[in-house]
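What follows is a set of notes on a single structure, which appears directly below.
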2 protein chains.
Amino acid sequence: MMAYPKFLSPEEIVKTAVHLVEHGDVDGLSLRAVAAKLGVKAPSLYRYFSDKEVLENAVAEAILGLMLIEFRKISAFKNPETRFRKMVEVYLRFARERFPLYTFVVQHNHPERYASGMGKAVWDLIVGTASAVSGRPDDTAAAVATWAFLHGYATLEHSGAFGPSGPKGGLERGLEAFLSSFRSGVPSARQRNAVSEHQE
Amino acid sequence: MMAYPKFLSPEEIVKTAVHLVEHGDVDGLSLRAVAAKLGVKAPSLYRYFSDKEVLENAVAEAILGLMLIEFRKISAFKNPETRFRKMVEVYLRFARERFPLYTFVVQHNHPERYASGMGKAVWDLIVGTASAVSGRPDDTAAAVATWAFLHGYATLEHSGAFGPSGPKGGLERGLEAFLSSFRSGVPSARQRNAVSEHQE
DNA sequence: GTCTATATGCGGATAGAC
DNA sequence: GTCTATCCGCATATAGAC
């Protein structure tokens, strides 16, 4: 029971914080709650994190690591379009099943978040998957469009904005539009002559 | 100076609250702040709104009314694709220039929000505009896809997620994909024979 | 390294005086 | 109809004892 000199660690604190983001109160991670979960008082955490924001960044990074684990599974699918569809599945499943984690990351979106670390790894994976479909290396435009669509869909779905009647095929409609456009080149620049059907 | 029996009204309170959402502190409208802005103390507001949530719903409705005013301007454009592009412009401009208002509405997205009132009016306008492009009456799927894309793009852009390099043409890429897909019918069901170009 | 105690600030909501 | 006064809860963060 000699619980007094209880050694914490940054890793343990972050892990607990992630758990609380997912299962605790919806809005607002609190140091009190993290400390309580660890069987400790709030001020003790300041030995490991200078303030709340530093902890939040570590939590966001850890969550992106969890997302990356899921995203990496899609590399098993070699066909670009199949892989693209799997990426969509993984993205939406993560957002649906672990929405508090998902929304925490987006709410703590710094401009630098996707320039290094886990954020960059996730972003590179999205760019790579979209680029494989379009056949254009480093197709950032396709990745941005896809990301925006998935993010918007996930958040609107969660908020209940689609109402009781549901999204009515809006997800499939958008995906087919993107796939059709990506695989047929860049329509905005110069309509290619081969606008024939590109069915699988 | 006989300011004591100062008559408030629900309209005045909502108007003040909307102003504070737009120009006040980013997160969290507070009754205290609304009251202060009105030169009144917080408890006075309870004569007009039973609790904070009721006021919030009224505020969301008022903001949707502001959005509707902007959206209605696109009816001046008779060509379906032109009108669609104008709708995109209006949507993103509102989200960009009045982001606090925009995000307040989505954060208070009830499933019923778009079933009546201002929410329904806005939604009907989006559906109508998308349907005019696709030529299919009540094309909810196209509207949902468009909405998801625009909402995702607006929020990611605001959060700075696109980074210093910007969206890199992601907006245009997505829009062209949608327009191309919408005007050519439903690729998933049955390619229509008339896949000719529908340029202005 | 963790503790208690405390400073300071925010917020929603109610009772009862005027 | 608005007020004062207050209760209650939440939070971050610090000082200094142990």
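First the proteins, then the strands, lettered A, B, ... as listed; each starts at 1.
Pairs engaging residues 55-76 of chain A under the side-chain hydrogen bond (donor to acceptor under 3.5 Å, both in side chains) rule: A:N57-A:R113, A:E70-A:K73 [sequence neighbours left out]. The ring pair (Phe, Tyr, Trp, His ring centres under 6.0 Å) analysis of residues 63-85 of chain A, with sequence neighbours excluded, yields no pairs.
For B:R47 and D:dT4, the CZ to C1' distance is 14 Å, given to the nearest whole Å. Atoms NZ (A:K52) and C1' (D:dA11) sit 8 Å apart, rounded to a whole Å. Regarding B:D51, its CG atom lies at a distance of 17 Å from the P atom of C:dG11, rounded to whole Å. Separating the CD atom of B:E56 from the C1' atom of C:dG12 is a distance of 11 Å, rounded to the nearest angstrom. The distance between atom OH of A:Y46 and atom P of D:dG16, rounded to the nearest whole Å, is 17 Å. Distance B:R32 CZ to D:dC3 P: 13 Å, rounded to the nearest Å. Going from atom CZ of B:F49 over to atom P of C:dA13 covers 13 Å, rounded to whole Å.
Checking the phosphate oxygens (OP1, OP2) of D:dC3, no side-chain nitrogen or oxygen of B:K41 falls inside 4.0 Å.
Residue A:P43 has its side chain nearest to C:dC3 when only C:dC3, D:dG1, D:dT4 are considered. Nearest to the side chain of A:V40, among C:dG12, C:dC3, D:dA11, sits C:dC3.
Residue A:T129 is tested with A:L125, A:I126, A:V127 for a side-chain contact (heavy atoms from CB on, under 4.5 Å); the sole match is A:L125.
The pair B:K120-B:E112 does not meet the salt-bridge criterion, since no charged nitrogen lies less than 4.0 angstrom from a carboxylate oxygen. Using a cut-off of 4.0 Å between Lys/Arg side-chain N and Asp/Glu carboxylate O, B:K86 and B:E81 are scored as not salt-bridged.
Position along DNA chain D of the nearest nucleotide to A:A33 versus A:S50 favours A:A33 as the more 5'-ward residue.
Summarising the geometry of B:A62 relative to B:V14, their closest heavy-atom pair is CB-CG1, 3.8 Å, with the distance given to 0.1 Å.
Aromatic ring centres of B:F149 and B:Y91: separated by at least 6.0 Å.
Interface residues of residues 12-31 of chain A facing DNA chain D, ordered by number: A:L29, A:S30, A:L31; criterion, heavy-atom separation under 4.0 Å.
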